[in-house]
Structures are given as structure tokens and as C-alpha cells.
Amino acid sequence: MGLMKMKKNRKYSYKPRFYKGEGSPFELKHKFDEHRTTVSPAKGIKGKIDAAVNDYRHNPDENVNKRVIIIVAILLLLFLFIIGFDLSIFLPKS
């Protein structure tokens, strides 16, 4: 029994005929990767949450932070309404 010789893979270098852009047209890249700080190599759930909180704290646009707080408050009140929480405990008794 002799050794089996493995076939080498052929290389095929395809270049699009009418592509005039920069870089490779086959490179998969998100549209806003240059602007995101949370898109990076996998660092686990804790690292992703820490990066998102850090991004939120150091955001130069204060309107976005206020908007997020308002949305969270509305969702919290909606959740309390759905589960039937009695908000009258926060009101003074008369």
C-alpha cells in the first residue's frame, strides 16, 4: 500500500469587471462599524454590558440620555399597570 497523495486546492482569483470602489466588494462589513464602540471581538456578556454602560455615560448628546430615561419610566409604569401594582401607596393619605 502506497501513500495517498492529496490534491491541492486550486486558487481562483476573481476580480469583478466593472467594480470601481475601494477594497474588496466581497468584504462583509456593517454600515456603522466606524462609529460604534460596542462592536468589537467577543468579550462575553459582562464585557458587552460594561461597554454599553460606558458608552451611555460618556455620550456627548444629553437629549439621548433623557429620552432613554423617559422610555424606561414609561415601560416601568406600563409593567406595573399590567401586573396590577397599586400606586396609591405613594400618595399621602387624607
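Treat the numbers as computed from the prediction; the structure is a model and nothing was measured.
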*Asks:* Residues in side-chain contact (heavy atoms from CB on, under 4.5 Å) with Val72, at least two apart?
*Replies:*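 Expected list: Val68.
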
*Asks:* Listed by chain and number, what are the side-chain contact (heavy atoms from CB on, under 4.5 Å) partners of Ile71, not counting sequence neighbours?
*Replies:*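 Checked Ile71 against side-chain contact (heavy atoms from CB on, under 4.5 Å); matches are Arg67, Leu75.
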
*Asks:* Hydrophobic side-chain clustering at under 4.5 Å (ILVMFWY, transitive links): who's grouped with Phe81? Put none if nobody.
*Replies:*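 Taking Ile, Leu, Val, Met, Phe, Trp and Tyr as members, Phe81 stands alone, with no cluster partners.
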
*Asks:* Check side-chain hydrogen bond (donor to acceptor under 3.5 Å, both in side chains) between Lys8 and all other residues, then give those that pass, not counting sequence neighbours.
*Replies:*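 Lys8: no side-chain hydrogen bond (donor to acceptor under 3.5 Å, both in side chains) contacts found.
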
*Asks:* Do other residues, nucleotides or ligands put more than 12 heavy atoms under 6.0 Å from the CG atom of Leu76?
*Replies:*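 Result for CG/Leu76: enclosed.
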
*Asks:* Applying side-chain contact (heavy atoms from CB on, under 4.5 Å), can you list everything that pairs with Ile69, at least two apart in sequence or on another chain?
*Replies:*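 So Ile69 forms a side-chain contact (heavy atoms from CB on, under 4.5 Å) with Tyr56.
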
*Asks:* Using a side-chain heavy atom cutoff under 4.5 Å and only I, L, V, M, F, W and Y, what cluster partners does Ile82 have?
*Replies:*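 Cluster partners of Ile82: Leu78.
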
*Asks:* Mind checking the CD1-NZ spacing from Ile70 to Lys66? Nearest 0.5 Å is all I need.
*Replies:*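 The NZ atom of Lys66 is 8.5 Å from CD1 of Ile70, to the nearest 0.5 Å.
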
